[in-house]
Amino acid sequence: MIGYLSYFKSVLITRLQYKAAALAGLCTQFFWGFLYCMVYQAFYSHASIDSINFKELICYVWLNQALFSLIYIRSKDTEIIDSIKSGTVAYELCRPYDLYWWWYLKLIARRLGAVFLRFIPVITFAFLIPKPYNLTLPISFKAFIMFLITLIMGLLIIVAINIIIHSLSFFTMQDKGISGIINTIGELLAGFAVPLPLLPNLVINISEYLPFRLVGDLPFRIYSGNITGSYALKSILLQMIWIIILVIIGKLIMNKALKKVSIQGG
């Protein structure tokens, strides 16, 4: 366990050193967040939306921008992919650790390192800009606690999905095909492209059976008060179930791959 924690810490510290990339990301988040707010304001001024009000939608937008690096689906570790293609993954297999959890902690650390450098500036900016574009406080302390719980569990879900994508590279030697399909579907059903409540009912109904909405859409809507009560509690239980399912699937895929893996030239 000490080895896992030390590795997690080293990756996290390494990611915190990428300040130039974080600065560029900040400018992107500021721009797109403000742009989305103005676009949705124009949309709401000419349409009647019952599924989510404008104030809740603004919270949705800014939380999405502030936590972009933590929960965004279209994210991969090029070091892992390159190690599979080149065969240097053999060095990792020599370590006395479970490769699945080794990669799992690495991906979590990378995401945490990226979001630490962006979260506070984006949130501060979102709170300070004029109404009606500003981020507001959560509706209650209970909602804030549930937001944190669902956000953490959403992180565990998305990392488990990423591990599955990375593990499939053992069989295909390419990650672009399968990752492109999963990422495109996931971004739509997670509400990253367009907030989920604004999508057609058919898409919303499909999202209920998949884990993607549990990554970002759920915590954002709990924060704003769009999701409350028993539905929020059921969604948290569903998050737990999906974490278990995705980890089991990822472990099975990786174990099968490692049984047949062959290192060329060695």
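Throughout, numbering of the chain's residues begins at 1 and tracks the sequence.
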Chemist: Glu187 side chain to Ile73 main-chain N or O, any donor-acceptor pair under 3.5 Å?
Modeler: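 No.
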Chemist: Can a donor-acceptor pair be found between the side chains of Arg111 and Asn162 at a distance below 3.5 Å?
Modeler: yes
Chemist: Apply side-chain contact (heavy atoms from CB on, under 4.5 Å) to Ile71 and Phe192, showing your working.
Modeler: CA-CA 10 Å; Ile71 58 174; Phe192 294 149; 3.9 Å; yes
Chemist: Is a side-chain N or O of Gln239 found less than 3.5 angstrom from the main chain of Thr150, in a donor-acceptor match?
Modeler: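 Yes.
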Chemist: Any chance NZ of Lys251 has more than 12 other-residue heavy atoms, nucleotides or ligands included, within less than 6.0 Å?
Modeler: yes
Chemist: Sequence neighbours left out, what pairs pass side chain to side chain donor-acceptor pair (under 3.5 Å) with at least one residue falling in residues 121-140?
Modeler: Gln41-Tyr133
Chemist: Looking at every heavy atom in both Gly250 and Tyr100, which two are closest together, and how far apart are they?
Modeler: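 Taking Gly250 first and Tyr100 second, the nearest heavy atoms are C-CE1, 3.7 Å.
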Chemist: Taking Ala42's backbone N and O only, do any of them form a donor-acceptor pair with Ser45's side chain (distance below 3.5 Å, no angle check)?
Modeler: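 Yes; judged by distance alone, with no hydrogens or angles, the pair exists.
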Chemist: Using the ring of each side chain (for Trp, its six-membered ring), is Phe34 parallel, tilted or perpendicular to Phe125, with breaks at 30° and 60°?
Modeler: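 Ring orientation of Phe34 relative to Phe125: perpendicular.
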Chemist: Using the rule given for side-chain contact (heavy atoms from CB on, under 4.5 Å), can you reason through Cys37 versus Trp62, listing the C-alpha separation, both sets of side-chain angles and the distance that settles it, and then say yes or no?
Modeler: CA-CA 9 Å; Cys37 289; Trp62 283 118; 3.4 Å; yes
Chemist: Report, as yes or no, whether the 6.0 Å neighbourhood of atom CD1 on Ile120 holds more than 12 heavy atoms from other residues, nucleotides or ligands.
Modeler: no
Chemist: Spell out, as yes or no, whether a donor-acceptor pair under 3.5 Å connects the side chain of Ser69 to the backbone of Val115.
Modeler: no
Chemist: Scan residues 210-231 for pairs that pass salt bridge (Lys or Arg N to Asp or Glu O under 4.0 Å), counting only residues two or more places apart or in two chains.
Modeler: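 Every salt bridge (Lys or Arg N to Asp or Glu O under 4.0 Å) pair that includes a residue of residues 210-231, provided the two are not neighbours, is Glu208-Arg213, Asp217-Arg221.
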Chemist: Is it the case that more than 12 heavy atoms not belonging to Phe144 sit under 6.0 Å from its CZ atom?
Modeler: no
Chemist: Please list, chain by chain and in numerical order, all residues satisfying side-chain contact (heavy atoms from CB on, under 4.5 Å) with Ile253, sequence neighbours excluded.
Modeler: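 For Ile253 the side-chain contact (heavy atoms from CB on, under 4.5 Å) partners, ignoring immediate neighbours, are Ile164, Ser167, Leu168, Phe171, Ile249.
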Chemist: Is there a side-chain contact (heavy atoms from CB on, under 4.5 Å) between Ile222 and Ile149? Walk through the geometry before answering.
Modeler: CA-CA 10 Å; Ile222 287 178; Ile149 293 173; over 6 Å; no
Chemist: Quick one: which of Tyr60, Tyr44, Tyr40 gives a ring pair (Phe, Tyr, Trp, His ring centres under 6.0 Å) with Phe54?
Modeler: Tyr44
